[in-house]
Structures are given as C-alpha cells and as structure tokens.
Amino acid sequence: MSGVIVTGPPKAALEDVDALAAYGVATVSEAMGRTGLLGPGIRPVQQGVRVAGTAVTVLSWPGDNLMIHAAVEQCGEGDLLVVTTTSPSTDGMFGELFATALQRRGVRGLVINAGVRDTQELREMDFPVWSRAVSAQGTVKATGGSVNVPVAIDGQVVRPGDVILADDDGVVVVPRERVRATVEASEAREAKEARSRAAFLDGQLGLDRYGLREKLARLGVTYRSYEEYAGGGEPAPGGERS
C-alpha cells in the first residue's frame, strides 16, 4: 500500500473552532440538519470532556500504526487527530507515548476508528480519546498509508482541516466551510431550547408547547379511560379525555 503525506492543508479558523466547542455534539448535529455524526460505535474513554479541533487525518493499514508516527509531525496547536484503517481493526494502535508526543504539540485529542490502550494513563494525563475499541493488542510499523487526505468513518467524510467536536454523546464532523454558520445555528438552537426549558420548569407540557395534541388526533390516537380500555368501550369522541 503506497500513500501520501499532504502538508499544509487549509483549516477552519481556531476562533470559530473554539466558539463551536461551546455547544454539545447533539446540538451541533441538529443545527446542521441532523448530519455529521460518526456513529454510536466510537465512544469516549473518559467522561465529562468536550473538545473541538481541526482534523489531521490518518489512513492506516489495520494493525499498523506507522502512519500515526508520520502524522505527529503534521500536527500542531488546535488540531485533533483522526485515524481510520483500510479495513476494520480493533488492535490497540494508540497509547500513552503517542499522546505524550501529541500533547507536546498542542493537539487536543484523538478520534480513532480502531483500538487504543493505556486508557488509565490517557485519562490521568487529560488527553481525551474517542475510539472504536479498547485493546491491549499491539501493532506493527510496516505498511505505508496516508496523512491529511479525506477519510470516511461510518459514512461521514472527514477532510483535513474540518472541525471535529466530541463529547460524552459521541463525535460530529463539521465541514470547514460551514463552521461559522453552524456556530450561529447552534446558538439559535440553544436559545430556543432555553425558552423550552423555562416553559417546562413552569409546568408546560411538550404536548402543548409543540402542538402535539393536534398531531396525535390527526394520526388517529385516541384517549380512553382505564374503565373503557379494560372493558373494550368506545373511545372518547374527538380524541379528548373522557
């Protein structure tokens, strides 16, 4: 397998990356029209951490971490390393030594579509990681691959310089051209949710706030008292409470 290491790709502005980090993965994905999620199989090895960074991408042979070594040189302040393999792999391709080198260069975390190890050490050194698997199985350094090329994870394309946002709920990719617009859409969604939260604290029901009673009626959902339901009686007319 031959490959290429691309240097100096365009990146989203760090001020926009940091602004996006104010919002959770769920909010950002919703703000983009429910797109960008890398899937539920990639999970955090820590809890209570949210991080955003510009993607440095790695395409590796399964069970081979040679190209992660090559990628470290291409990483800098504000980046987040994204690793995938040419076919499925759960081997522990990344551990504490890699994290030490990346942390020294200002890298904010790792998303890997394979396995990691040294998870206790990773948590202790506050280097956040989201991975497909946790495995002590070691790897080799024998096969070429690529750095800073578009890669696909769970049907989502991640390009170098795109923004990766990750938290306890998972991982989302935001195309670098859409970061500023996504920040604004996320801010608007947060404001809308704040109004709903205040209404719920005041006792309002989602059925009324979102007009869902009318939808239930249109769908033919009816209300019955327990006695009617247990006895097979007729539903209350118009879907109203009896």
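You'll find the side chain of V82 stays beyond 4.5 Å of the side chain of W130, heavy atoms only. Put simply, the side chain of V173 does not reach to within 4.5 Å of the side chain of V163, judged on heavy atoms. A 4.5 Å side-chain heavy-atom check between R213 and L205 finds at least one atom pair inside the cut-off. With a 4.5 Å cut-off on side-chain heavy atoms, R195 and F200 do not count as touching. Inter-residue side-chain proximity for D167 and V49 is flagged as unmet; no heavy-atom pair is nearer than 4.5 Å. In this structure the side chain of I42 reaches within 4.5 angstrom of the side chain of V111, judged on heavy atoms. At least one side-chain heavy atom of V174 sits less than 4.5 Å from a side-chain heavy atom of M32.
V157 and P150 make their closest contact through CG1-CB, 4.2 Å (heavy atoms, listed as atom of the first residue, atom of the second, distance). The shortest heavy-atom contact between S29 and L37 is OG-CG, 3.5 Å. The shortest non-hydrogen separation linking W61 to T86 is CE3-OG1, 3.9 Å. Of all heavy-atom pairs spanning S87 and P62, the tightest one is OG-CG, 3.3 Å. D118 and G95 make their closest contact through OD2-CA, 3.5 Å (heavy atoms, listed as atom of the first residue, atom of the second, distance). Minimum heavy-atom separation, A133 to T90: CB-CB, 3.8 Å.
Within a 6.0 Å radius of CD in Q204, other residues, nucleotides and ligands contribute more than 12 heavy atoms. When the shell of 6.0 Å around CD of Q46 is examined, it contains more than 12 heavy atoms from other residues, nucleotides or ligands.
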* Asked: Could you walk me through whether E30 and Y23 pass the side-chain contact (heavy atoms from CB on, under 4.5 Å) check?
  -> CA-CA 11 Å; E30 293 279 356; Y23 306 101; over 6 Å; no
* To do: Take R159 and E177 through the salt bridge (charged side-chain N to carboxylate O under 4.0 Å, His left out) test and state the conclusion after the steps.
  => CA-CA 11 Å; R159 301 169 305 162; E177 302 89 350; 2.7 Å; yes
* To do: Decide yes or no on side-chain contact (heavy atoms from CB on, under 4.5 Å) for D154 and R132, but give the supporting numbers first.
  => CA-CA 11 Å; D154 290 340; R132 179 74 61 181; 2.9 Å; yes
* Worked verdict on R43 versus D169 for salt bridge (charged side-chain N to carboxylate O under 4.0 Å, His left out) -> CA-CA 8 Å; R43 303 300 305 148; D169 291 336; 5.9 Å; no
* How far apart are the C-alpha atoms of R189 and E193, what are their side-chain angles, what is the distance that settles it, and do they pass the salt bridge (charged side-chain N to carboxylate O under 4.0 Å, His left out) test? -> CA-CA 6 Å; R189 183 173 180 82; E193 290 187 352; 3.4 Å; yes
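For the atom pair OG of S60 and NE2 of H69, the computed distance is 10.0 Å after rounding to the nearest 0.5 Å. One finds the CG atom of L80 at 11.5 Å from the OG1 atom of T57 (value rounded to the nearest 0.5 Å).
With R123 contributing its side chain and P128 its backbone, the two residues share no donor-acceptor pair below 3.5 Å. In this structure a side-chain-to-backbone donor-acceptor pair under 3.5 Å is missing from R176 to D162. Remark: side-chain polar atoms of T84 are not paired, donor with acceptor, to backbone N or O of I153 under 3.5 angstrom. With hydrogens and angles disregarded, no donor-acceptor distance shorter than 3.5 Å links the side chain of Q74 to the backbone of A71. Looking at S225, its side chain does come within 3.5 Å of a backbone N or O of E228 through a donor-acceptor pair. Between the S89 side chain and the T85 main chain, no donor and acceptor come within less than 3.5 Å of each other.
Two different hydrophobic clusters hold V172 and L38 under the rule that ILVMFWY side chains link at heavy-atom gaps under 4.5 Å. Hydrophobic cluster membership is shared by I164 and V51, with clusters built from Ile, Leu, Val, Met, Phe, Trp and Tyr side chains linked at under 4.5 angstrom.
Looking only at atom types and distance, the side chain of R209 has a donor-acceptor partner in the side chain of S196 under 3.5 Å away. If you check the side chains of T143 and D64, you find a donor sitting under 3.5 Å from an acceptor. For the residue pair T139/D91, the side-chain donor-acceptor check at 3.5 Å is not satisfied. Using modelled atom types, one finds no donor on one side chain facing an acceptor on the other under 3.5 Å when comparing E190 with S186.
Within the structure, no pair that satisfies the ring pair (Phe, Tyr, Trp, His ring centres under 6.0 Å) test touches residues 152-190, not counting sequence neighbours.
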Side chains of residues 6-22: which donor-acceptor partners sit under 3.5 Å, not counting sequence neighbours?
from: K11; atom 1: NZ; to: D79; atom 2: OD1; distance (Å): 2.9
from: K11; atom 1: NZ; to: D79; atom 2: OD2; distance (Å): 3.0
from: D16; atom 1: OD1; to: R180; atom 2: NE; distance (Å): 3.2
from: D16; atom 1: OD1; to: R180; atom 2: NH2; distance (Å): 2.6
from: D18; atom 1: OD1; to: R108; atom 2: NH1; distance (Å): 2.8
from: D18; atom 1: OD1; to: R108; atom 2: NH2; distance (Å): 3.2

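Here I5 sits in one hydrophobic cluster together with V45, V56, V58, L66, M67, I68, V72, L81, V83, M93, F94, F98, L102, V107, L110, I112, V116, L122, M125, F127, V129, V134, V147; the rule is ILVMFWY side chains under 4.5 Å apart, joined directly or through other members.
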